[in-house]
Amino acid sequence: MSFSAEWLSLREGVDHRARNRDVLAAAAAHLDDVRAGDGTVRIVDLGCGTGSNLRGAAEAFGDSQSWRLVDYDPALLAAARERLSHWSDEVRGDGDDLVLMKGGRRIAVSFLQADLSGGAEEVIADKPHLVTAAALFDLMSPAWIGRFCAGLAARRLAFYTVLTYDGRDAWLPPHPLDDAVNAAFAAHQRRDKGFGPAAGPAAAETLVQTLDYAGYAIVTGDSPWRLGPKDADLTRELIAGIVQAVGETELVDTGELEGWQAARRGAQGEVGHLDIFARPR
Ligand SMILES: C[S@@+](CC[C@H](N)C(=O)[O-])C[C@H]1O[C@@H](n2cnc3c(N)ncnc32)[C@H](O)[C@@H]1O
């Protein structure tokens, strides 16, 4: 499934605002415990897009960080390189890898184009201090999540994922079609996104249960998008995306769906997500 750099850019501010601070602190405390002798933490970011997860977490993760950004979309990896260079105070080094200076931190970044649909074993093989991802796991199937968590557990790796959609959408003002739209959107979310039938809105719960079964201690916290008048551009695009997805399911009458979209103009709302940090018990 492909995502545009424009969409990821539109959501980045709201994503960073939504990130749960307690779960971030738990991940940061873990990194303080395991930091390598030279003080560097090694982190792998799955489905990195344009690098938003790094920009959202780096401030909490200490003075010396080494990130490997993984995505299968070469255009997004190129955009990540460009956006991270602009975001940093200074870019050191050339060639394929970047060394960024930001707020006194040294952040080495390498990029890997890889399709994760067959699993993530290869990209976690060198045992990073943390495996992370943002806004990714609702695309995965329960079977993929099961294999992935078994792979983490076999290597005793810590895991931090943010903004896993949990299906709790609430819009103001309420509309009679809300329940039908939410149900049809959830059905679309469960379609195959390249990893087998997706967990969709059940992804957060599936991850927590699977990690618990795999012997992990887990910290969770809500990270809802709270969309107000200042987020009108993102809300409009989000509503358009929901309408397109619901339309594809043919579960809601087209005319009624157009009415729902019109009524949602200028709407405010909340989209539920869960953040998770897990380390082997
Ligand atoms: C919703 S976006 C999130 C991007 C980024 N983590 C963020 O928070 O902005 C999902 C990302 O997963 C990537 N992705 C989807 N399927 C993939 C696959 N099979 N292998 C690797 N990356 C994939 C997409 O290219 C996209 O960058």
Side-chain angles (χ1 to χ4, degrees), residues 1-20 23-24 27 43-58 60-61 67-84 86-87 109-124 130-141 143-145 147-148 151 159-167 185 188-201 203-204 207 223-225 231 234 237-238 240-242 244-245 271-276:
M1 185 173 182
S2 66
F3 294 82
S4 74
E6 292 71 28
W7 164 248
L8 297 181
S9 166
L10 200 53
R11 56 178 288 172
E12 180 159 337
V14 182
D15 278 351
H16 289 186
R17 203 167 74 205
R19 186 181 289 257
N20 185 288
V23 182
L24 175 64
I43 301 163
V44 170
D45 183 22
L46 306 175
C48 64
T50 68
S52 170
N53 194 19
L54 186 164
R55 289 186 289 278
F61 285 175
W67 287 71
R68 188 153 182 73
L69 301 191
V70 183
D71 207 289
Y72 72 166
D73 184 334
L76 290 181
L77 288 171
R81 170 185 292 276
E82 197 182 314
R83 292 217 48 194
L84 287 165
H86 280 112
W87 167 81
V109 189
S110 65
F111 302 88
L112 176 68
Q113 188 190 348
D115 184 350
L116 297 170
S117 58
E121 276 78 6
E122 280 182 29
V123 300
I124 61 172
L130 187 69
V131 178
T132 185
L136 182 71
F137 273 81
D138 40 78
L139 305 180
M140 288 9 191
S141 64
W144 194 99
I145 290 173
R147 278 199 316 277
F148 171 71
F159 176 55
Y160 171 54
T161 189
V162 298
L163 297 158
T164 303
Y165 175 63
D166 67 7
F185 185 59
H188 193 277
Q189 289 286 100
R190 289 192 287 269
R191 289 185 175 184
D192 191 336
K193 307 290 191 303
F195 300 86
L207 268 172
S223 53
W225 275 358
D231 308 305
L234 176 64
E237 287 303 309
L238 176 63
I242 291 172
Q244 181 174 345
V271 178
H273 300 110
L274 194 77
D275 290 2
I276 299 170

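Residue indices begin at 1 and follow the sequence shown. Both counts, for ligands and for their atoms, begin at 1 and track the order of listing.
By heavy-atom distance, the residue among Gly47, Ala114, Pro74, Cys48 lying nearest atom 21 (C) of ligand 1 is Ala114.
For the atom pair Leu8 CG and Phe3 CZ, the distance stands at 7.5 Å (nearest 0.5 Å). If you take CG on Leu76 and SG on Cys48, they are separated by 7.5 Å, rounding to the nearest 0.5 Å. The distance from the OG atom of Ser2 to the NZ atom of Lys193 is 12.5 Å, given to the nearest 0.5 Å. Between atom CG of residue Leu10 and atom CG of residue Leu234 there is a gap of 5.0 Å, rounded to the nearest 0.5 Å. Once rounded to the nearest 0.5 Å, the distance linking CD of Glu121 with CZ of Arg147 reads 7.0 Å.
Proximity of Leu136 to ligand 1, defined as any heavy-atom pair under 4.0 Å, is confined to the side chain (atoms from C-beta onward). At a heavy-atom distance under 4.0 Å, only side-chain atoms of Ser52, from C-beta outward, approach ligand 1. Of all the heavy atoms of Leu116, the ones lying under 4.0 Å from any atom of ligand 1 are found in both the backbone and the side chain. Contacts between Phe3 and ligand 1, counted as non-hydrogen atom pairs separated by less than 4.0 Å, involve the side chain only.
Under the side chain to side chain donor-acceptor pair (under 3.5 Å) criterion, Thr164 pairs with no residue, sequence neighbours left out.
In terms of protein heavy-atom proximity, atom 19 (N) of ligand 1 is closest to Asp115 OD1, 2.8 Å. In this structure, atom 8 (O) of ligand 1 lies nearest to the protein heavy atom Ala134 CB, 3.4 Å. The protein non-hydrogen atom at the shortest distance from atom 13 (C) of ligand 1 is Asp71 OD2, 3.4 Å. Nearest protein heavy-atom neighbour of atom 22 (N) of ligand 1: Tyr72 N, 3.5 Å. Here the protein heavy atom with the shortest distance to atom 1 (C) of ligand 1 is Ala135 O, 3.1 Å.
In this pair, Phe137 and Phe148 present their aromatic rings tilted. The plane angle is within the 30 to 60° band.
Looking at Lys193 next to ligand 1, no N or O pair under 3.5 Å apart turns up. For Phe195, no nitrogen or oxygen atom sits less than 3.5 Å from a nitrogen or oxygen atom of ligand 1, counting backbone and side chain alike.
If you run side chain to side chain contact (heavy atoms under 4.5 Å, CB included) between Trp67 and each of Leu84, Val44, Thr132, only Thr132 comes through. Across Leu112, Leu77, Leu136, a single residue satisfies side chain to side chain contact (heavy atoms under 4.5 Å, CB included) together with Asp71, and that is Leu77.
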Requested in this report: With side-chain contact (heavy atoms from CB on, under 4.5 Å) as the test, would you mind laying out the steps for Ser110 and Arg68 before giving the verdict?
Outcome: CA-CA 5 Å; Ser110 65; Arg68 188 153 182 73; 2.9 Å; yes

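Contact annotation: Asn53 has no heavy atom less than 4.0 Å from any atom of ligand 1. Put simply, no part of Gly194 is less than 4.0 Å from ligand 1, judged by heavy atoms.
Less than 4.0 angstrom separates some heavy atom of Ser117 from each of these atoms of ligand 1: 19 (N). Of all atoms in ligand 1, listed by their number and element, those nearer than 4.0 Å to a heavy atom of Leu76 are 25 (O), 27 (O).
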